[in-house]
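A short write-up of the structure that comes next.
Heavy atoms only: backbone and side chains are in, while hydrogens, waters and symmetry mates are out.
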Amino acid sequence: MFLDFFYSLRSRKIPVTTGELLDLLHVISKITKDNQTVNVNSFYYIARNCLIKNTKHFDDYDIVFSQILFPELSQDIQFKEKLEKWLKEAIENNLSDERKKNALKILPDDLISELEKRLKEQKERHDGGNHWIGTGGTSPFGHGGFNDSGIRIGGESKNRSAISVAGERRYRDYRTDETLGVRQIKSALKKLRALKREGKPKLSIDHTIRKTCDNAGDIEAVLRKSRKNNMKLLLLMDVGGSMSPYAARVNKIFSAAHQMNHFKEFHYYYFHNIIYDYVYKDATMRNRVSADSLLKKFRSNTRVIFVGDAYMAPYELFHKSQYFQDYFEFGKKGNQKTNMSGLERLIQLKKYFEKSIWLNPENTNYWNAPTVSAIHNEVPMFFLSLDGIEKGIKKLL
C-alpha cells in the first residue's frame with residue numbers, strides 16, 4: 001500500500017522523494033512499536049506532513065489518498081451522481097440524545113465493506129434512518145445527522161474525519177493550476193523584475209567591508225552603481241462577450257499588476273476579441289487610443305501580455321476590420337481605417353515588441369478552435385493560472 005501511495009503521488013507530479021517515504025515509514029514504525037495503532041485520520045495527517053512540502057499539492061494529495069484507501073468512493077462516478085441527487089436536499093431532523101447514544105458503531109476496518117454492501121442493496125433515498133445512506137439520521141453513511149464513527153457523503157461536515165476531508169477536497173483552491181489570488185499573482189509577476197546597475201557609482205558599505213576584510217584590513221573603497229528595474233509592462237485585456245465568465249479572474253491579474261511598484265512602467269488597455277484599429281483606456285470602450293500609437297508610445301523592449309480567450313467568429317480575426325470595429329466606432333469622428341485584419345494587427349504588434357505572451361482563461365481542451373489555434377501559432381499562449389503565468393514570465397524574460 002505504501003509503495004502504491006508513493007507512486008500515485010509521483011504520478012500526479014507531486015515532488016515526493018524516497019527519503020520522505022522512508023521518513024513516513026520511520027514515523028509509522030515508531031508509533032506502532034509499542035503496540036499502538038495508526039487509524040485512518042492519523043495516517044492522513046502524518047503522511048501529509050511527511051510527504052507534502054507545499055500547500056499547492058494538498059488537493060492532489062487528497063485525491064490520491066481517496067483513490068488508494070477508498071477506491072470505491074473515488075471511481076464509481078455513476079453512483080456518485082446518483083448519491084448527489086439523493087442527498088441534494090437534507091431533511092432537518094432534531095435527534096434526541098438517546099438516538100445519538102444508540103447510533104450504530106462500525107469498526108473502521110469494516111466501514112468500506114459495509115458501505116459497499118449498502119451501495120449494492122439500496123434502491124431509493126432515505127432520510128432520518130439508522131442504516132441506509134441518507135440524511136438527518138444516525139446511519140454511519142450520509143450527512144446532516146450524527147454518527148461519530150461513520151463516513152460523511154456530501155453535505156457540510158459536523159464531525160471532521162480524514163475520509164470526509166479528503167472527499168470534499170477542501171484544498172482545491174490551493175492548486176496553482178486553478179487558483180488565481182491577487183497575492184499569488186503579485187508574487188509571480190515580481191519575477192518580471194529586470195534589475196540593472198546604472199547611474200552614478202556610489203560607495204557600497206557592504207562591499208567595501210568585504211573587500212577590506214579580504215585585504216587583511218587594508219581599506220579599499222568599492223563604488224557600485226545602484227540597481228534599477230527597467231522592466232516596462234503593457235497589459236492588453238479582452239473584455240465582454242465570451243470573456244464575461246472570466247471577468248473575475250482577469251480583474252485579479254489586473255489588480256495584481258496595478259498594485260505592484262516593481263515595474264519602471266506599467267500600462268494597460270482593453271479590446272474586444274482582437275485588436276483592430278483601436279484599444280481602449282476603460283472597459284466601457286468609450287475612451288479610445290489608436291493601435292498605431294502604441295508603436296510610437298512604447299519602446300520595443302516593453303513586455304506585452306495579452307489576456308483573452310482568443311475565441312471569436314473566424315471573420316473577426318481573419319477578415320478586414322469592418323465588422324465589430326465599424327459597429328462600435330460608427331459615427332465617431334476621425335476614424336482612420338488601416339484596412340487591417342485582427343490577425344494582421346496581432347502580427348504587427350508581435351514583430352514590433354520583442355517579447356509578448358497570451359494568457360488564455362479558456363480550458364485547453366478548446367484551444368483547437370480555428371481562431372485560438374491561429375493566435376497560438378503567432379503568440380506563445382499559456383493557460384491563465386499561476387503555473388501558466390509563471391511559464392509565461394519565463395518566456396518574457
Side-chain angles (χ1 to χ4, degrees), residues 232-244 246 250 253-254 265-362 364 366-384 388 391-392 395-396:
K232 296 180 282 290
L233 178 64
L234 175 61
L235 184 63
L236 301 173
M237 297 169 285
D238 182 7
V239 293
S242 58
M243 278 296 293
S244 296
Y246 309 113
V250 176
I253 189 172
F254 168 72
E265 296 181 15
F266 171 65
H267 304 271
Y268 63 92
Y269 296 96
Y270 298 90
F271 64 92
H272 180 64
N273 284 343
I274 194 66
I275 297 174
Y276 301 100
D277 296 324
Y278 299 96
V279 291
Y280 302 86
K281 293 184 178 180
D282 55 77
T284 62
M285 295 190 174
R286 294 177 181 175
N287 194 350
R288 70 185 185 184
V289 175
S290 169
D292 289 326
S293 68
L294 299 180
L295 308 181
K296 301 176 182 178
K297 181 177 180 179
F298 303 109
R299 293 185 177 182
S300 60
N301 63 350
T302 301
R303 301 302 194 255
V304 181
I305 299 179
F306 298 90
V307 182
D309 61 0
Y311 193 84
M312 66 199 84
Y315 69 80
E316 295 183 81
L317 180 66
F318 301 114
H319 292 188
K320 306 302 178 182
S321 56
Q322 69 255 24
Y323 294 97
F324 164 77
Q325 191 75 24
D326 279 0
Y327 171 79
F328 199 79
E329 297 293 331
F330 179 75
K332 290 186 178 180
K333 295 181 180 180
N335 285 350
Q336 296 180 355
K337 293 297 178 61
T338 61
N339 203 30
M340 185 180 293
S341 71
L343 184 60
E344 290 169 342
R345 176 69 72 182
L346 182 66
I347 294 174
Q348 179 194 43
L349 294 174
K350 174 200 170 185
K351 288 183 177 179
Y352 176 77
F353 293 107
E354 297 172 1
K355 297 287 185 178
S356 60
I357 61 170
W358 190 292
L359 297 178
N360 193 334
E362 185 64 79
T364 54
Y366 302 101
W367 286 15
N368 59 351
T371 56
V372 182
S373 297
I375 292 175
H376 194 182
N377 289 336
E378 298 298 334
V379 180
M381 187 175 290
F382 303 91
F383 181 60
L384 184 53
K391 293 176 182 178
K395 190 71 176 179
L396 289 177

Sorted by chain and residue number, the ring-ring contact (aromatic ring centres under 6.0 Å, His included) partners of Y270 (sequence neighbours excluded) come out as none
Sorted by chain and residue number, the side chain to side chain donor-acceptor pair (under 3.5 Å) partners of D309 (sequence neighbours excluded) come out as S242
- Message: M381 vs I357, test: side chain to side chain contact (heavy atoms under 4.5 Å, CB included). Steps then yes/no.
- Response: CA-CA 6 Å; M381 187 175 290; I357 61 170; over 6 Å; no
Taken in chain and number order and not counting sequence neighbours, the residues that satisfy ring-ring contact (aromatic ring centres under 6.0 Å, His included) with F298 are H267
Between M243 and D238 the two heavy atoms that sit nearest each other are CG-OD2, 3.2 Å
Note: E362 and N360 closest approach over all heavy atoms is N-OD1, 2.8 Å
Correct closest heavy-atom pair for R286 and Y280 would be N-CD2, 4.4 Å
Apply side chain to side chain contact (heavy atoms under 4.5 Å, CB included) to R345 and D277, showing your working. CA-CA 8 Å; R345 176 69 72 182; D277 296 324; 3.2 Å; yes
Residues passing the side-chain contact (heavy atoms from CB on, under 4.5 Å) test with F318, sequence neighbours excluded, are P314, L343, T371, A374
Residues passing the side-chain contact (heavy atoms from CB on, under 4.5 Å) test with K391, sequence neighbours excluded, are F382
Taken in chain and number order and not counting sequence neighbours, the residues that satisfy salt bridge (Lys or Arg N to Asp or Glu O under 4.0 Å) with E378 are K350
Sorted by chain and residue number, the side chain to side chain donor-acceptor pair (under 3.5 Å) partners of Y269 (sequence neighbours excluded) come out as K297
Item checked: Minimum side-chain heavy-atom gap L396-I305 below 4.5 Å -> yes
dist L234:CG -> F266:CZ (nearest 0.5 Å) comes out at 8.5 Å
Taken to the nearest 0.5 Å, the spacing of S373 OG from L317 CG works out to 10.5 Å
query: Taking the side chain from T302 and the backbone from R299, do they hold a donor-acceptor pair closer than 3.5 Å?
result: yes
Which of K395, K232, E354 passes side chain to side chain contact (heavy atoms under 4.5 Å, CB included) with R303? Answer is E354
For G308 and P361, the nearest pair of non-hydrogen atoms, with its separation, is O-CD, 3.4 Å
Should I375 and M312 be marked as a side chain to side chain contact (heavy atoms under 4.5 Å, CB included) after you check the CA-CA gap, both sets of side-chain angles, and the distance that decides it? CA-CA 11 Å; I375 292 175; M312 66 199 84; 4.0 Å; yes
Y366 vs V372 side-chain heavy atoms within contact, under 4.5 Å: no
side-chain contact (heavy atoms from CB on, under 4.5 Å) filter on S293, not counting sequence neighbours, yields V289, S290
Which of L233, V379, L236 passes side chain to side chain contact (heavy atoms under 4.5 Å, CB included) with V304? Answer is L236
Residues passing the side-chain contact (heavy atoms from CB on, under 4.5 Å) test with L295, sequence neighbours excluded, are Q348, L349, Y352, F353
**Asked** Stepwise, does the side chain to side chain contact (heavy atoms under 4.5 Å, CB included) test hold for E316 with Y276?
**Response** CA-CA 9 Å; E316 295 183 81; Y276 301 100; 3.4 Å; yes
